[in-house]
Amino acid sequence: MAKNKKKPNKNKIKVPPSKRNLLWVIGIFAVLLGMIVVQLVLRVIVQGPENAKKAARQWGMTTGIRAQRGEIQDRNGTVLASSYTTYQVCANPRAISEDDRERVAYYLATLLDEDPAKILIKISNTDKQQVRIKSQVERSIINQLSGLQMGRSISFYADVKRSYPEGNHFSQILGFTNVDGEGQSGVELDFNSYLSGINGYVQTQTDRDNKPIPNAREEYVDAVPGANVILTADTGLQNIAEAIAEECHTVNKAKTVQVYLWNVQSGETYAMTSYPSYDPNDPPREEAKTLLEMARNRIVADTYEPGSTFKIITLAAALDSGAITMNTRFNCTGSLSIKGQRIKCWKPGGHGSQSLAEAVQNSCNCAFMAMALKMGKDTFYEYIYAFGMGTKTELGLSGETSGSVTHKKYIRDSDLARIGFGQSISMTGMQLAMAASAAVNGGELLKPWIVAEIVSQSGEVMLQNYRTPIRRVITPQTSKLVRELLQGVVEHGSGRNAAVPGYTVSGKTGTAQKYEDDGSVSSTRLIASFIGFAPATDPFLGCLIIVDEPQIPVVFGSTVAAPYVQMVLARALAYMGIQPDNETKRVLVPNLYGLTISEARRELNRYGLRSVYLESESDAGATVHKQIPAAGNYVVADSPVILFSAWTSFLAEEEEIQYTTMPNLINDSRLNALDKMKAAGLIMDYDPNNCAGKITTTQYPTGTRLPVGTVVSVVFSGVPLN
């Protein structure tokens, strides 16, 4: 059977070969056109902005305009940080011939104090229109570079440099900037977005030789200057804190000294420092470890076991919770046994039977252990957290830490007892300051603040801080009782060295333990501190001084830190014009230099003052080399004066003291006497209401050898001269 043959499709259109070829050509063109369209879309729409930038870089030169950085000011408008005009030095590689590069590199390196090899590499890179050689160059150097007449090889542009008029003062608060003007620490870092402003630029069209094209379009975008940051700090109070921190550090040969001064009622920071410090105008950038240590704001960054200053919190909590009353009595035998564990009081043999007021004045560990145990773990921990322990205070500066509060489920009775007197819990100085403020200011825990407001150059207030209560911790009635008890510490207890003539002062001493690297309690490394408030009856100023690892024979907060709190408060109260609220008798501290310890004690007794000598009692024949408070200061009657002998271990052997001789002022007029005292380097103190006539009596006999700067009291006859 024959095979079925496929019948041809009569409906199929036959395309002539010529038309088929044409269709192929059209198809190919369509594909090519599609590819072209895709490329156009890719290059114009997708890559267009970047290509435009590349093109602009090839035919133009863009020069940045650095925004003027905002100022940092204190509460009174004193400028603490500002910027002034310097210059950027830039090289234009395409305008420097190959034969001329080494010469240009040599001159730039010589005047700019830079490495010539590195400069040569930069100016040899002709792929770039312009390279920066150095920023923040002073005008005098620019004048010298201009005198070399290097033409288009070098360009100069206005730049800014940061200046800190107060030098070392405020260094940890302010921080510093890098060479590009960006904040690196402190307020400069934390408020950099406000201070830095917005940079501008100038874009100029150039030819291949980097020459500006005549009549070409130039784009200019002006810089927006940064805002000004206004602090709550006060330059005068900061200067007081800085000077006393340095003195405390020198006398006690401490590792560091921290001083914090604040408003107890509002939480405003008036002064804050840690010594040693650094000059932000010239920070030791090459010594990174040293710079980090000195720039560290220890009041908010360093945690420690506070020791007895924490007893303020225990006392407030125990009174407010009802665990104790003002009539509660305590018996201290020198230690307390808790489930077989014996915990000692600081005083061997104990304090015996004592009232609550006496226990607070004695800073009796056993009494505060009893308070903690009477409250119990749950109640005491509620107050610990309510007072802000374990959380940051949110002062507004970076680097703040939150301290450490062990979870109560891990706390045994012995641990709770130790927390009662300030061990087994850690915190920052800022946390302690705010917690203690709540205990005496009426019971409110406040948020501390150091930035008052931020104001733009046009006057717009961009940020403003206010008094911010976080929570009520204790009742006003409890707070009043705490104030009274802490006032007793200064008037009758371990805080007598902090008493300020004319003012009521309250406070608490503290001596805290430190730990060795292996976790054991150190027997040689301690932290001494004192926290004080004035006036005690209505607290306004708070002062905390922390002395880390003082190198002295005997370490107590009462002898190491309290005298310096007294100095800060006395000067700060006078500076702020706060009126006295106490009529306590004030006594002028005599000059004891050169007397034996025994003689000095007799002299102090004659003035109605007490003596504290830190060396062995067998050294009573040693001579006085230094005293705190210094001669010429006024203190409250019955205040202690700390005596140091010439061989006291922590005094520097190379310390030099300049001396002068007391001139003869008897029968001199006030003006003549002032001239003589000025010439001798001494300060004359007299009653301005009774300075008529001739001088009849001087504090020191004529010819007495005195340290330069000693204050000498004189008495006038009161009879006007003819």
Side-chain angles (χ1 to χ4, degrees), residues 74-76 169-170 172-174 186-187 230-242 244-245 257-274 297-302 306 309 312-313 387-388 392-397 400 427-452 465-470 473 479 482-483 486 498 500 503 505-508 510 529-536 538-546 561 564-578:
D74 81 344
R75 66 188 301 115
N76 303 312
H169 292 183
F170 292 97
Q172 288 102 7
I173 296 176
L174 299 177
V187 171
I230 317 299
L231 304 181
T232 61
D234 184 289
T235 298
L237 296 174
Q238 183 72 20
N239 291 345
I240 291 170
E242 297 264 2
I244 291 174
V257 173
Q258 302 165 46
V259 179
Y260 182 49
L261 187 68
W262 73 99
N263 186 319
V264 176
Q265 299 294 337
S266 68
E268 293 171 271
T269 295
Y270 288 144
M272 176 191 294
T273 187
S274 177
N297 196 328
R298 297 183 182 277
I299 293 290
V300 299
D302 285 7
T309 50
I312 297 174
I313 312 307
F387 272 108
K392 296 179 182 179
T393 66
E394 303 298 340
L395 171 70
L397 296 180
E400 183 175 9
M427 63 196 63
T428 64
M430 182 60 66
Q431 286 176 309
L432 176 64
M434 291 301 103
S437 292
V440 300
N441 69 6
E444 285 187 315
L445 181 68
L446 302 172
K447 178 183 175 182
W449 40 302
I450 194 167
V451 171
N465 285 316
Y466 304 92
R467 180 183 188 274
T468 307
I470 298 173
V473 186
S479 181
V482 173
R483 290 198 298 270
L486 294 181
V500 178
Y503 297 89
V505 178
S506 62
K508 188 72 190 72
S529 61
F530 190 89
I531 188 168
F533 307 98
D538 186 18
F540 175 76
L541 273 182
C543 180
L544 171 64
I545 293 185
I546 301 171
Y564 299 97
V565 169
Q566 191 268 359
M567 294 180 195
V568 172
L569 288 177
R571 298 179 194 180
L573 290 165
Y575 172 83
M576 301 184 79
I578 298 174

State, to 0.1 Å, how close [X] and [Y] come at their nearest heavy-atom pair, and which atoms those are.
{"X": "Pro448", "Y": "Met434", "answer": "CB-SD, 3.7 Å"}
{"X": "Ile578", "Y": "Pro535", "answer": "CG2-CG, 4.3 Å"}
{"X": "Ser437", "Y": "Trp262", "answer": "OG-NE1, 2.7 Å"}
{"X": "Ser266", "Y": "Leu446", "answer": "C-CD1, 3.7 Å"}
{"X": "Ala233", "Y": "Asp74", "answer": "O-CB, 3.2 Å"}
{"X": "Pro539", "Y": "Gln265", "answer": "O-NE2, 2.7 Å"}

Step by step, would you call Met427 with Ile313 a side-chain contact (heavy atoms from CB on, under 4.5 Å)? CA-CA 13 Å; Met427 63 196 63; Ile313 312 307; over 6 Å; no

Heavy-atom distance under 4.5 Å between the side chains of [X] and [Y], does that happen here?
{"X": "Val257", "Y": "Tyr564", "answer": "no"}
{"X": "Val300", "Y": "Thr428", "answer": "no"}
{"X": "Val451", "Y": "Leu231", "answer": "yes"}

Applying the side-chain contact (heavy atoms from CB on, under 4.5 Å) test to Phe533, which of Leu569, Val565, Val264 qualifies? Val264

Test side-chain contact (heavy atoms from CB on, under 4.5 Å) on Ile546 and Tyr260; report intermediate values, then the result. CA-CA 9 Å; Ile546 301 171; Tyr260 182 49; over 6 Å; no

How many angstroms lie between atom [atom1] of [X] and atom [atom2] of [Y], to the nearest 0.5 angstrom?
{"X": "Leu432", "Y": "Thr309", "atom1": "CG", "atom2": "OG1", "value": "4.5 Å"}
{"X": "Ile531", "Y": "Lys508", "atom1": "CD1", "atom2": "NZ", "value": "11.0 Å"}
{"X": "Asp234", "Y": "Tyr575", "atom1": "CG", "atom2": "OH", "value": "3.5 Å"}
{"X": "Asn441", "Y": "Asp538", "atom1": "CG", "atom2": "CG", "value": "10.0 Å"}
{"X": "Met272", "Y": "Gln238", "atom1": "CE", "atom2": "CD", "value": "8.5 Å"}
{"X": "Glu268", "Y": "Ile450", "atom1": "CD", "atom2": "CD1", "value": "11.0 Å"}

Measure from the side-chain N and O atoms of [X] to the backbone N and O of [Y], and report whether any donor-acceptor pair falls under 3.5 Å.
{"X": "Gln172", "Y": "Gly186", "value": "no"}
{"X": "Thr273", "Y": "Val259", "value": "no"}
{"X": "Arg483", "Y": "Val440", "value": "yes"}
{"X": "Ser479", "Y": "Gly442", "value": "yes"}
{"X": "Asn465", "Y": "Trp449", "value": "no"}

Worked check of side-chain contact (heavy atoms from CB on, under 4.5 Å) between Ile312 and Leu486: CA-CA 8 Å; Ile312 297 174; Leu486 294 181; 4.0 Å; yes

Parallel, tilted or perpendicular: which one describes the rings of Phe540 and Tyr270, with boundaries at 30° and 60°? tilted

Using side chain to side chain donor-acceptor pair (under 3.5 Å), reason through Thr393 and Glu400 one step at a time and then give a plain yes or no. CA-CA 8 Å; Thr393 66; Glu400 183 175 9; 2.5 Å; yes

Just do the side-chain contact (heavy atoms from CB on, under 4.5 Å) check on Met576 and Leu541 with the steps written out, would you? CA-CA 10 Å; Met576 301 184 79; Leu541 273 182; 3.9 Å; yes

